[in-house]
Amino acid sequence: MENILPELYRRGLVADCTDREALGNLLASKRATLYVGFDPTADSLHVGSLVPLLGLARFQRAGHRPIAVAGGGTGLIGDPSGKATERALLDRDKLAANLASIKSQLARFLDFESKTNPAKIVDNADWLCRLDLIGFLRDIGKRFTVNAMIAKESVRSRMEDRESGISFTEFSYMLLQAYDFLHLYRTEGCELQAGGSDQWGNITAGIELIRKVEGGTAFGLTFPLITTADGKKFGKTEAGTVWLDPRRTSPYRFYQYWMRVDDRDAIRFLNYFTFLDAERVAELERSVRESPERREAQAALAFEVTALTHGAEAARAARRASEVLFGGEVAGVSEADLAEIAGDMPTTKLPKDFAAGSPPLVDALVRCGLCKSKGEARRDLAGGGIYVNNVRASGEAARLSSADALFGRYILLRKGKKTYHALVLE
RNA sequence: GGGGAGGUACCCAAGCGGUCAAAGGGGCCUGACUGUAAAUCAGGUGGCGAUGCCUUCGGGGGUUCGAAUCCCUCCCUCCCCA
């Protein structure tokens, strides 16, 4: 077994850690079991979840046993951590649907076949929903003082804000998460909980509970909040959240998100989001310093993260599509490649004879949603921001023609530098 | 329960009878420069059959030749006092 704490610190992946030395000894001496919880608040995880998710995978690679806990029970309550206002309760059907898709995403990153330390996914609804209120208040509630609970950041901030307040329901959340840890400590011998830095309060509550109830020692570790150099929110683009679900964020767009990472963030992100070793990262760091225009760090980052999330095949396809689209000429691309590239961008299907009628480009732009209105389409066109098959369109009155349909079927519309839409005639 | 302040476009915020599709800022979009980076600069940012027409200033109703601006009413938010 390997103590991977030094490795995590080297990568900048530790925000907070309880008794670092004792935890290090534990990890060095035996196969430890750890868990990370994932909230089913949406039907997909997003790139923000990658750090804890890969964190679990890192522990597994070091010989430890990871458990991913899907919050089917806690999701019914709502975690106040990091939320400025009370949240609407998720209805049970929605939650069940979210859980199902999130579980399958979690599975991608972990190894369940391992002979020695297979991963496990559990749902905390399995034990939380069986709790009875009186028993819970007597056995668990008695171990916490409200005084300590209201001192936790997640609660305090909401107590100070008279406008939003906090319901008893959300106030109780930390007890449930503490109970999760206790339960896993008892049933799985789980001694470590990791999570995002906003989870610190919940994690330490669990550690205390284990000490009080079982007299045992458990550990907590949090990952840093990911920031970007330009102050924008990590994991967001103008178009919205970058999801792990390929139906919500295509592998191409996912790849592109990482490809566009700021130079100042690229190396940090390689450490956070890939398994590349220190030597390789150092190489890439040199590359960023000496020839940033080659974007080698971004390319490596994009490929690695896309491969981890969507598989190596999808990563290669996204890379190929990127090379074509940003390489300039689309005209010389083979039909097979073109079909694949078109498949990776938003697509509008149109009748075969669409281009034959020389429709105004403006109409096509609005129809496929690349521009919100004809007025906007005209302005973009007039400003030189519209490209047909990567060739700048000329003037507001531009029209499409059958000659624009590559192989008689594909017309690649582009707005600005990087927004694509494929028209497919059939 | 009493008193006060407000609700304007994606957000903040000016306007307080015509010159208002509505200042300014942010955001966003496009362009230039570049490296699919950052910074910077420029233009744009309700819709359309477009030197005009239609919709928009919390909802509804009114006054007026004319209202985001005045009146009535309803809804909502915030602050102070009890």
Side-chain angles (χ1 to χ4, degrees), chain A residues 84-86 160-165 227-234 236-242 249-270 273 284-306 315 317-330 341 344-346 359-399 412-421:
Chain A
T85 55
E86 183 84 13
E160 285 165 358
D161 184 353
R162 287 180 48 198
E163 284 172 42
S164 56
T227 56
T228 63
D230 59 9
K232 294 216 171 84
K233 225 175 167 183
F234 170 74
K236 299 274 186 192
T237 66
E238 307 69 44
T241 304
V242 181
T249 300
S250 76
Y252 171 76
R253 280 193 296 150
F254 186 88
Y255 180 94
Q256 281 293 316
Y257 175 76
W258 299 102
M259 198 65 197
R260 288 179 198 133
V261 159
D262 195 305
D263 287 359
R264 293 169 293 176
D265 295 325
I267 297 305
R268 209 158 43 91
F269 285 7
L270 280 166
F273 297 104
L284 291 165
E285 186 167 13
R286 203 173 321 120
S287 170
V288 171
R289 200 172 45 242
E290 287 165 9
S291 34
E293 71 287 354
R294 296 175 64 183
R295 312 181 67 77
E296 285 180 330
Q298 281 90 340
L301 176 67
F303 185 82
E304 291 295 323
V305 187
T306 307
R319 183 168 60 190
R320 195 159 56 237
S322 298
E323 282 164 2
V324 170
L325 293 176
F326 287 91
E329 278 296 293
V330 171
I341 290 166
D344 235 335
M345 55 178 78
L361 188 48
V362 169
D363 291 341
L365 289 167
V366 175
R367 184 148 170 193
C368 73
L370 213 47
C371 298
K372 281 200 285 292
S373 67
K374 287 190 189 179
E376 186 182 307
R378 281 194 205 96
R379 288 191 292 266
D380 285 332
L381 221 29
I386 299 294
Y387 304 76
V388 177
N389 297 328
N390 263 1
V391 177
R392 179 173 278 171
S394 53
E396 289 184 39
R399 286 171 176 275
L412 264 41
L413 298 179
R414 175 178 133 207
K415 186 174 86 143
K417 206 148 231 176
K418 51 208 182 189
T419 314
Y420 281 91
H421 194 103

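Quick note on labels: first sequence line is chain A, next is B, and so on, each numbered from 1. Nothing here was measured: the structure is a model prediction, and the numbers come from that model.
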Without decimals, in angstroms, what is the distance between [X] [atom1] and [N] [atom2]?
| X | N | atom1 | atom2 | result |
| --- | --- | --- | --- | --- |
| A:Arg264 | B:A39 | CZ | P | 6 Å |
| A:Phe269 | B:A38 | CZ | C1' | 14 Å |
| A:Glu290 | B:A37 | CD | P | 22 Å |
| A:Trp258 | B:G35 | CH2 | P | 25 Å |
| A:Lys372 | B:G44 | NZ | C1' | 12 Å |
| A:Glu285 | B:A37 | CD | P | 21 Å |

Using the C1' atom as the reference point in each nucleotide, state the distance between B:G17 and B:A13 in Å, no decimals.
22 Å
Does A:Met345 reach the side chain of A:Leu325, with side-chain heavy atoms less than 4.5 Å apart?
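A side-chain contact exists here, since the closest heavy-atom pair is under 4.5 Å.
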Pick one: which of A:Leu413, A:Leu412, A:Val330 meets side-chain contact (heavy atoms from CB on, under 4.5 Å) with A:Val388?
A:Leu413
Going 5' to 3' through nucleotides 25-32 of chain B and flagging B where a protein heavy-atom sits under 4.0 Å of the base, S where only the sugar-phosphate is that close, and - otherwise, we get ---SSSSS
Protein heavy-atom contacts under 4.0 Å, written 5' to 3' over nucleotides 50-55 of chain B as B (base), S (sugar-phosphate only) or - (none), form the string B-----
Electrostatic pair A:Asp363-A:Lys374, nearest N-O below 4.0 angstrom
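Yes.
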Classify the side chain of A:Gln256 and the base of B:U36 as holding, or not holding, a donor-acceptor pair under 3.5 Å.
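By the distance-only test, yes, there is a pair.
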Using the test side-chain hydrogen bond (donor to acceptor under 3.5 Å, both in side chains), find all partners of A:Arg264 that sit at least two apart in sequence or belong to another chain.
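Partners of A:Arg264 by the side-chain hydrogen bond (donor to acceptor under 3.5 Å, both in side chains) criterion, ordered by chain and then number, come out as A:Asp262.
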